[in-house]
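To start, the structure under review is shown below, and the notes come after it.
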Amino acid sequence: MRVIEVPASLDYRNIDILHARAGAGETDPVLFDARRLRWIDPNGMLALLGAGRVAGRGGARPRISLPTSAKVAGYLDRMGFSRAVAGIFHSAPPRVRRRSVRASDVLLEITPITTNSDVHDVVDTVQSRAGAILSNTLRYPPAAVVQFSVILSEVCQNIVEHADGPGWVAAQSYNWTRRLGRHVAVIAVSDLGRGFRASLADEHSERFGDRWGDATALEAAFLLGLTRFPDIGRGQGIQQIRKQVARWNGLLSIRSGTARIADTPPWSQGPPLQEGLRHFPGAQINIILPENSGD
């Protein structure tokens with residue numbers, strides 16, 4: 001059995017470690033050892049689901065060992081991880097008895113996205129919770145609830161229209177006192193579908209010639225606003241998301257295939273484009289919205 005050790009901290013900054021280990025292309029049974037996990041965000045949770053799905057493509061479903069930390073295991077349960085792993089791992093981990101449920105912190109539990117109705121359900125669920133978090137915690141104006149819902153709808157719609165594969169979304173608010181000195185909302189969307197390169201290839205690969213690849217496809221969508229539609233004006237979701245996230249001084253990154261592209265605000269560090277990453281199917285979108293500092 002091949003053992004994949006899950007890092008002690010798993011979030012948007014290091015999920016490539018998991019992608020690389022899960023995408024090794026071996027067919028041996030796999031165990032994801034998460035016993036030492038002490039911190040995980042929505043990106044880390046969706047990365048575990050995606051890595052488990054990829055690892056299982058070689059044959060037997062993988063297994064997973066839950067964190068020994070009751071706090072982390074309880075948090076995973078509160079975010080719906082126990083339900084989400086069913087059908088991915090050999091057997092679903094047992095549910096953890098919740099000692100303290102802080103539902104106000106959870107914008108959206110891990111939710112599968114396969115149809116347009118799933119997207120509508122997600123938006124309806126979030127709208128009922130987002131007001132208090134965006135207004136009271138992040139100190140955004142009342143209109144932000146509608147704008148936030150639009151962002152969420154667009155990134156989920158990307159799964160339905162482009163992925164042709166399973167997808168998930170999750171969102172959570174945190175108090176980043178040490179890292180940033182303020183609260184943030186983290187939105188993670190992930191799928192195991194075609195990815196940006198394949199989705200845009202029919203309409204745009206010829207114009208880029210030999211340059212066409214994962215990084216070029218991300219640049220075409222992210223920077224140039226190109227979409228899979230031949231007519232101008234359709235499918236401008238990513239451009240609208242970029243504009244709104246920038247207004248809120250947030251971070252937006254998209255990983256697809258072997259590349260990642262990002263709009264990085266001053267409070268974060270990271271290159272705008274990364275190439276040569278370990279190939280991983282589909283796309284992963286990460287959005288971090290910081291508390292309004294009033295500056």
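The basis for the numbers below is simple: all heavy atoms, side chains too, and nothing from hydrogens, waters or symmetry mates. Residues take their numbers from the sequence shown, with the count starting at 1. Since the structure is predicted, the reported quantities are computational estimates derived from the model, not experimental observations.
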Can you find a heavy atom in the side chain of Phe32 that is under 4.5 Å from one in the side chain of Val3?
no
Hydrophobic clustering (ILVMFWY, side-chain heavy atoms < 4.5 Å, transitive) - are Ile254 and Leu223 grouped together?
yes
Quick one: do Glu219 and Ile261 satisfy side-chain contact (heavy atoms from CB on, under 4.5 Å)? Show the steps, please.
CA-CA 7 Å; Glu219 288 178 318; Ile261 197 166; 4.0 Å; yes
For Tyr140, check ring-ring contact (aromatic ring centres under 6.0 Å, His included) against everything at least two apart and list the hits.
Trp248
So, for Cys156 and Ile113, which heavy atoms are closest and what is the spacing to 0.1 Å?
O-CG2, 3.9 Å
Cut-off 3.5 Å, no hydrogens considered: what does the side-chain donor-acceptor table look like for residues 50-58, sequence neighbours left out?
none

Assess the residue pair Asp16 and Arg255 against the criterion (side-chain contact (heavy atoms from CB on, under 4.5 Å)); give the C-alpha distance rounded to whole Å, side-chain angles, the decisive distance to 0.1 Å, and a yes or no.
CA-CA 10 Å; Asp16 283 321; Arg255 189 199 194 282; 2.5 Å; yes
Examine Arg63 relative to Phe89 and say whether NZ or CZ is less than 6.0 Å from the centre of the six-membered ring and inside a 45° cone about the ring axis.
no
Indicate every side-chain donor-acceptor pair of residues 267-275 with a distance under 3.5 Å to a residue at least two apart or in another chain.
unit_1: Trp267; atom_1: NE1; unit_2: Asn249; atom_2: O; d: 2.7
unit_1: Gln274; atom_1: OE1; unit_2: Arg260; atom_2: NH1; d: 2.9

Should Phe81 and Ile40 be marked as a side-chain contact (heavy atoms from CB on, under 4.5 Å) after you check the CA-CA gap, both sets of side-chain angles, and the distance that decides it?
CA-CA 12 Å; Phe81 189 78; Ile40 188 169; 5.9 Å; no
Who pairs with Asn14 by side-chain hydrogen bond (donor to acceptor under 3.5 Å, both in side chains), at least two apart in sequence or on another chain?
none
Donor-acceptor check, side chain of Thr216 to backbone of Arg211, threshold 3.5 angstrom: yes or no?
yes
Indicate the atoms forming the closest heavy-atom contact of Ile4 with Ala22, along with that distance.
CD1-CA, 3.8 Å
State, yes or no, whether a side-chain contact exists between Leu48 and Leu18 at a heavy-atom distance under 4.5 Å.
yes
To the nearest 0.5 Å, how far apart are CD1 in Ile110 and CZ in Arg83?
8.5 Å
Could you report the tightest heavy-atom contact between His19 and Ala47, atom names first, then the distance?
CE1-CB, 4.2 Å
Not counting sequence neighbours, which residues clear side-chain hydrogen bond (donor to acceptor under 3.5 Å, both in side chains) with Arg207? List them please.
His204
State plainly whether the residues Asp11 and Arg179 are in salt-bridge range, i.e. N to O under 4.0 Å.
yes
Can you tell me how far OG1 of Thr137 sits from CZ of Arg182, rounded to the nearest 0.5 angstrom?
14.0 Å
Starting from Val160, can I reach Val169 by hopping between I/L/V/M/F/W/Y residues whose side chains sit under 4.5 Å apart?
yes
Leu251/Val245 under side-chain contact (heavy atoms from CB on, under 4.5 Å): CA gap, chis, key distance, verdict
CA-CA 7 Å; Leu251 182 152; Val245 171; 5.8 Å; no
Could you state the interatomic distance from CD (Gln147) to CD1 (Ile151), rounded to the nearest 0.5 Å?
7.5 Å
Nearest 0.5 Å, what's the CG-CG distance between Leu107 and Leu134?
6.5 Å
What's the shortest heavy-atom distance between Pro42 and Met79, and which atoms?
CG-CE, 4.5 Å
Show your reasoning for whether salt bridge (Lys or Arg N to Asp or Glu O under 4.0 Å) applies to Asp28 and Arg2.
CA-CA 6 Å; Asp28 294 337; Arg2 182 163 61 99; 5.8 Å; no
Can any side-chain N or O of Ser256 pair as donor or acceptor with the backbone N or O of Gly282 at less than 3.5 Å?
yes
Could you check whether any side-chain heavy atom of Trp168 comes within less than 4.5 Å of a side-chain heavy atom of Val189, counting everything from C-beta outward?
no
For residues 283-290, tabulate all N or O donor-acceptor pairs below 3.5 Å that involve a side-chain atom, not counting sequence neighbours.
unit_1: Asn286; atom_1: OD1; unit_2: Asn43; atom_2: ND2; d: 2.9

Listed by chain and number, what are the side-chain hydrogen bond (donor to acceptor under 3.5 Å, both in side chains) partners of Thr258, not counting sequence neighbours?
Asp214
Any chance you could measure Phe196, atom CZ, to Leu226, atom CG, to the nearest 0.5 Å?
12.0 Å
Report whether Trp176 and Met45 are members of the same hydrophobic cluster (ILVMFWY, side-chain heavy atoms less than 4.5 Å apart, transitive linking).
yes
Heavy-atom closest contact (Ala217 atom, Leu200 atom, distance):
O-CD1, 3.6 Å
Which residues pass the side-chain contact (heavy atoms from CB on, under 4.5 Å) test with Ser135, sequence neighbours left out?
none
Would you check if the side chain of Asn136 reaches a backbone N or O of Ile133 as a donor-acceptor pair within less than 3.5 Å?
no
Whether the side chain of Ser153 engages the backbone of Ser149 through a donor-acceptor N/O pair (distance < 3.5 Å, no angle test) should be reported.
no
Which residues pass the ring-ring contact (aromatic ring centres under 6.0 Å, His included) test with Trp39, sequence neighbours left out?
Tyr174
Going by salt bridge (Lys or Arg N to Asp or Glu O under 4.0 Å), name the residues that satisfy it together with Asp33, two or more places apart in sequence or in a different chain.
Arg35, Arg36
Should Leu66 and Leu31 be regarded as members of a common hydrophobic cluster, given that ILVMFWY residues are connected when their side-chain heavy atoms come within less than 4.5 Å of each other, either directly or indirectly?
no
Which atom names give the shortest non-hydrogen contact between Arg38 and Val72, and what distance separates them?
O-CG2, 3.5 Å
Qualifying residues under ring-ring contact (aromatic ring centres under 6.0 Å, His included), relative to Tyr12, sequence neighbours excluded:
none
Indicate yes or no for a side-chain donor-acceptor contact from Gln239 to the backbone of Ala221 under 3.5 Å, with no hydrogens or angles considered.
yes
Please round to the nearest 0.5 Å and tell me the distance separating atom NZ of Lys243 and atom CZ of Arg247.
7.5 Å
Excluding sequence neighbours, so at least two apart, what forms side-chain hydrogen bond (donor to acceptor under 3.5 Å, both in side chains) with Glu109?
Arg129
